Novice: 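Have a look at the structure that comes next, please.
In what follows, residues are counted from 1 in the order of the sequence shown. Keep in mind that this is a model prediction, so the values were computed, not measured.
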Amino acid sequence: MTKIQISLTLNGKKVTEEIAPDLLLIDFLRNHRCYSVKRGCETANCGLCTVFLDEKPVLSCSVLAARAHGHTVDTLEGLQEEAWELGEFIADQGAEQCGFCNPGMIMNAIALFRENPQPSDEEIKEYLAGNLCRCSGYEGQLRAFRAYLEYKERGGAVCAQ
């Protein structure tokens, strides 16, 4: 089988590798120990495999790894500080349930908040519409993201209870 060589920046580190031309980005990432990238529907409908390609969210189950050649790919493993903060708010609101959807939710929330630091509830719902969560009605995640935005608005200060 013919192999092609790709080179990309993965979570801040240069990676060069020979791959099969039909290798999906999700498989490339999981081969590189990026286990936050999950396989869910394999039809680009659930959001579990969301990663950043040049800082834009993409579904890695529908992108060939070769398309990432010369680009930057970031997963949750490369965004630990932002992801940790958001994850704490999700847990605080009881929105993590099984936790399977959290990586995709957090990746898309980070993308939204970078693009729009003060989204409305409707904008949050619209941006996260492609993220499947089978455990909740999404209200917990919405509360968590609202609380996170309020926290950021206060400069990262937690309100006294």
Novice: Show the nearest heavy-atom pair for residues N131 and G47, with the distance to one decimal.
Specialist: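 The pair with the smallest heavy-atom distance is OD1-O, 3.8 Å.
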
Novice: If I take atom CG from residue L79 and atom CD from residue E85, how far apart are they, to the nearest 0.5 angstrom?
Specialist: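 Spacing of CG (L79) from CD (E85) equals 12.5 Å.
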
Novice: Tell me who clusters with V15, hydrophobic residues only, linked when side chains sit under 4.5 Å apart either directly or through other members.
Specialist: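 Taking Ile, Leu, Val, Met, Phe, Trp and Tyr as members, V15 shares its hydrophobic cluster with I4, I6, L8, L10, I19, L23, L24, L25, I26, F28, L29, V37, V51, L53, V58, V63, L64, V73.
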
Novice: Are E77 and R33 within salt-bridge range, i.e. N to O under 4.0 Å?
Specialist: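 Judged by the 4.0 Å cut-off on N to carboxylate O distance, E77 and R33 do not form a salt bridge.
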
Novice: A83 and I110: which non-hydrogen atoms are nearest, and at how many Å?
Specialist: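 Answer, listing the atom of A83 first, then I110: N-CD1, 4.1 Å.
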
Novice: State, to 0.1 Å, how close P103 and S36 come at their nearest heavy-atom pair, and which atoms those are.
Specialist: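 Shortest heavy-atom contact: CB-O, 3.2 Å.
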
Novice: Return the orientation label for the Y148 and F113 ring planes: parallel under 30°, perpendicular over 60°, tilted otherwise.
Specialist: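 It falls in the parallel class, under 30°.
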
Novice: Could you report the tightest heavy-atom contact between M107 and T50, atom names first, then the distance?
Specialist: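 The answer is CG-O, 3.6 Å.
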
Novice: Do F89 and Y151 have ring centres separated by under 6.0 Å?
Specialist: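 Yes, the ring centres sit under 6.0 Å apart.
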
Novice: Rounded to the nearest 0.5 Å, what separates atom CD1 in I124 from atom CZ in R146?
Specialist: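 Rounded to the nearest 0.5 Å, the CD1-CZ separation comes to 4.0 Å.
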
Novice: Can R39 and D27 be counted as an ion pair, charged N to O under 4.0 angstrom?
Specialist: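 Counted as a salt bridge, because a side-chain N and a carboxylate O are separated by less than 4.0 Å.
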
Novice: Considering all heavy atoms of both residues, which atom of K3 and which atom of E18 are nearest to each other, and what is their separation?
Specialist: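 Heavy atoms of K3 and E18 come nearest at CB-OE1, 3.9 Å.
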
Novice: In terms of side-chain heavy atoms, does H32 have a donor or acceptor partner in E17 at a distance below 3.5 Å?
Specialist: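 Yes.
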
